[in-house]
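Report on the following structure.
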Amino acid sequence: MEELKMYNSLSRQKEIFKPITPGYVGMYVCGPTVYSNVHLGNCRTFISFDIIYRYLKYLGYKVRYVRNITDAGHLEGDRDEGDDKFSKKARLEQLEPMEIVQKYTLGFHKVMELFNTLPPTIEPTATGHISEQIEMIKHILANGYAYEVNGTVYFDVEKYNQEKPYGILTNRKLEDLLEGTRELGGQDEKRGRLDFALWIKAKPEHLMQWPSPWGMGFPGWHIECSAMSCKYLGKQFDIHGGGMDLAATHHTNEIAQSEACYHEKPVNYWIHTNMLTVNGARMSKTAGNGFLPHQLFTGGHPLLDKAYSPMTVRFFMLQTHYRSTLDFSNEALQAAEKGLKRLWDAYEILENLPAGNEIKEAMDPELDKRCIDLLDEFDASMNDDFNTARVLAAMFELVPVINSLKSGQIALNSLSTGTLEQLRKKFSIYLTDVFGLKNDKEADSGRLEGVLQLLIQIRKEARAKKDFATSDKIRNELQQQGIVLKDEKDGSVSWSAV
RNA sequence: GGUCCUGUGGCCGAGUGGCUAGGCAGAGCUCUGCAAAAGCUCCCACAGCGGUUCGAAUCCGCUCGGGACCUCCA
């Protein structure tokens with residue numbers, strides 16, 4: 001099989017993936033800040049990495065997947081009088097900071113579950129790793145890349161840059177970065193304009209603060225990921241991911257901290273997912289154009305005509321490559337909903353296909369080969385930087401074949417039994433295991449199935465008597481309930497939920 | 001201002017220099033008690049202008065448009 005290639009932000013090109021330890025992958029993904037609800041843009045990133053995680057597992061790798069929960073306070077702005085995000089919100093809502101954290105962590109997990117993402121293997125919290133962060137800061141100080149001013153510790157970017165290129169991840173020179181930075185009035189604590197805080201001195205009113213060698217305070221934003229990734233994945237690990245918006249600042253600083261601490265390149269492959277946009281503009285907390293997952297599932301958003309299921313949204317995201325922006329619109333979602341249904345229908349046909357006789361030789365070798373080629377494209381496309389859109393295109397090309405297999409337009413023995421089996425298996429594995437899609441219909445079946453079979457039977461009897469008034473009534477009323485009946489060619493009746 | 005990305009048919013979106021992306025919508029036909037599905041066929045796009053090449057949506061240049069990052073944000 002071809003090798004897996006992934007786009008590395010560090011080199012700005014696709015590279016063949018070689019794990020540090022054969023057979024094992026260490027992957028760290030920057031998780032959510034739990035002081036408010038996650039919006040759909042956040043979800044896109046986590047869904048993208050869920051696919052990557054699933055695919056790595058599909059390839060047989062044993063993956064340690066670490067995704068953090070940021071629950072420690074950060075400065076609001078670039079000023080040290082800025083409030084701790086968590087305590088600020090806590091005061092507004094009269095809650096303890098950890099109550100906020102708990103509330104939104106649970107909400108986040110619920111949403112991730114609805115989207116059917118697999119939980120990471122380790123989900124560490126920043127507040128649970130304060131001592132690790134302090135240790136790391138001590139190390140960086142000892143190595144001479146940081147300095148303390150009045151209880152706050154800053155990272156010395158210019159000093160670091162003398163030895164290692166600071167802007168390596170986003171291909172920027174320090175001079176250019178300095179030029180782009182605005183003048184910070186009243187901020188004379190920092191020696192360099194690009195210097196960032198590793199540890200921040202807390203004011204007495206800060207609710208979240210911890211003792212440290214520099215007095216009471218809390219960690220800077222970037223240090224948690226460096227400390228936790230090192231703890232669970234080592235000083236050097238395979239993949240670090242996150243949204244593209246994190247590359248320039250957060251990830252750049254992570255690299256600098258880790259290098260300054262351990263003198264080792266922390267990450268081999270940096271993977272960045274692109275943004276979700278609304279009317280061409282990035283969805284973000286501050287822009288106020290964020291969709292909450294909940295609004296989507298209920299249709300409760302001014303820009304939406306109707307509700308869309310989590311799986312429709314997941315599928316919608318799969319149709320676009322993870323490094324392209326994805327624009328959110330009603331029409332696109334509707335198209336996704338229909339497309340996904342077409343895929344599920346094909347999936348069901350495959351699952352219910354009769355076994356048939358053992359056929360070694362395909363009666364239609366040309367078609368047989370085409371099917372094999374399309375199936376091979378699944379892995380080939382995924383190996384080419386996780387191109388889910390191209391896998392789906394290949395799947396859709398197989399759908400007419402599958403449908404024809406059912407209707408008899410293509411005889412079962414046109415394909416060899418081996419091909420048929422591979423078709424069934426691969427279609428199913430990709431849909432459910434790799435892409436993580438769940439059949440909504442299967443979820444609410446059970447009792448409903450029994451009731452429907454009764455109605456279908458009554459309708460069948462009516463039709464046999466040419467009592468179309470009754471048969472149409474059953475079908476029409478069911479449709480009102482969102483259930484569509486189909487009279488198949490062989491006289492059977494199937495149903496699907498809209 | 002700096003660093004980049006991007007501009008594909010009605011809509012969404014893949015795309016390796018030559019070979020069909022795909023989905024949705026639309027049109028026609030077939031099937032069907034009627035539907036719905038499904039099958040078949042059609043709709044042959046690549047911002048503009050130049051250049052490289054036997055050949056470019058794909059490479060290069062310019063022009064115009066859109067966006068991101070440089071400040072908390074997946």
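Order of the sequence lines fixes the chain letters, A, B, ..., with proteins taken first and strands second; residue numbering starts at 1 for each chain. In this text the structure is predicted, and so the values were computed from the model without any measurement.
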By the 4.0 Å heavy-atom rule, please label [X] as base, sugar-phosphate, or nothing.
X      : value
A:G242 : sugar-phosphate
A:H321 : sugar-phosphate
A:T277 : nothing
A:T320 : sugar-phosphate
A:A393 : base
A:Q334 : nothing
A:M244 : nothing
A:R12  : nothing
A:L333 : nothing
A:T273 : nothing
A:G31  : sugar-phosphate

Review point. So which of A:Y308, A:F435, A:F328 actually passes ring pair (Phe, Tyr, Trp, His ring centres under 6.0 Å) with A:F316?
Key: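 Testing A:F316 for a ring pair (Phe, Tyr, Trp, His ring centres under 6.0 Å) against A:Y308, A:F435, A:F328 leaves exactly one candidate, A:F328.
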Is it the case that [N] (base atoms only) and [X] (side chain only) share a donor and an acceptor within less than 3.5 Å, ignoring hydrogens and angles?
X      : N     : answer
A:D472 : B:G33 : yes
A:R342 : B:C24 : no
A:R475 : B:A35 : yes
A:D487 : B:C34 : yes

Kindly say if [X] contacts the phosphate of [N], meaning a side-chain N or O under 4.0 Å from OP1 or OP2.
X      : N     : answer
A:N403 : B:A38 : no
A:S381 : B:A14 : no
A:K338 : B:A25 : yes

Check your understanding: Regarding A:R67 and the six-membered ring of A:F46, is the cationic atom NZ or CZ under 6.0 Å from the ring centre and inside 45° of its axis?
Key -> yes
Practice item. For the pair A:S414 (side chain) and A:I410 (backbone), establish whether a donor and an acceptor sit closer than 3.5 Å, ignoring hydrogens and angles. Key: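 Such a contact is absent between A:S414 side chain and A:I410 backbone.
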Check your understanding: CG of A:L398 versus P of B:G22: gap in Å, rounded?
Key -> 12 Å
Check your understanding: Between B:G23 atom P and A:L340 atom CG, what is the distance in whole Å?
Key ->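 After rounding, the reported distance stands at 14 Å.
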Exercise for review: Tell me which nucleotide among B:G33, B:G23, B:C11 gets nearest to the side chain of A:E331.
Suggested key: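 Out of B:G33, B:G23, B:C11, the nucleotide with an atom closest to A:E331's side chain is B:C11.
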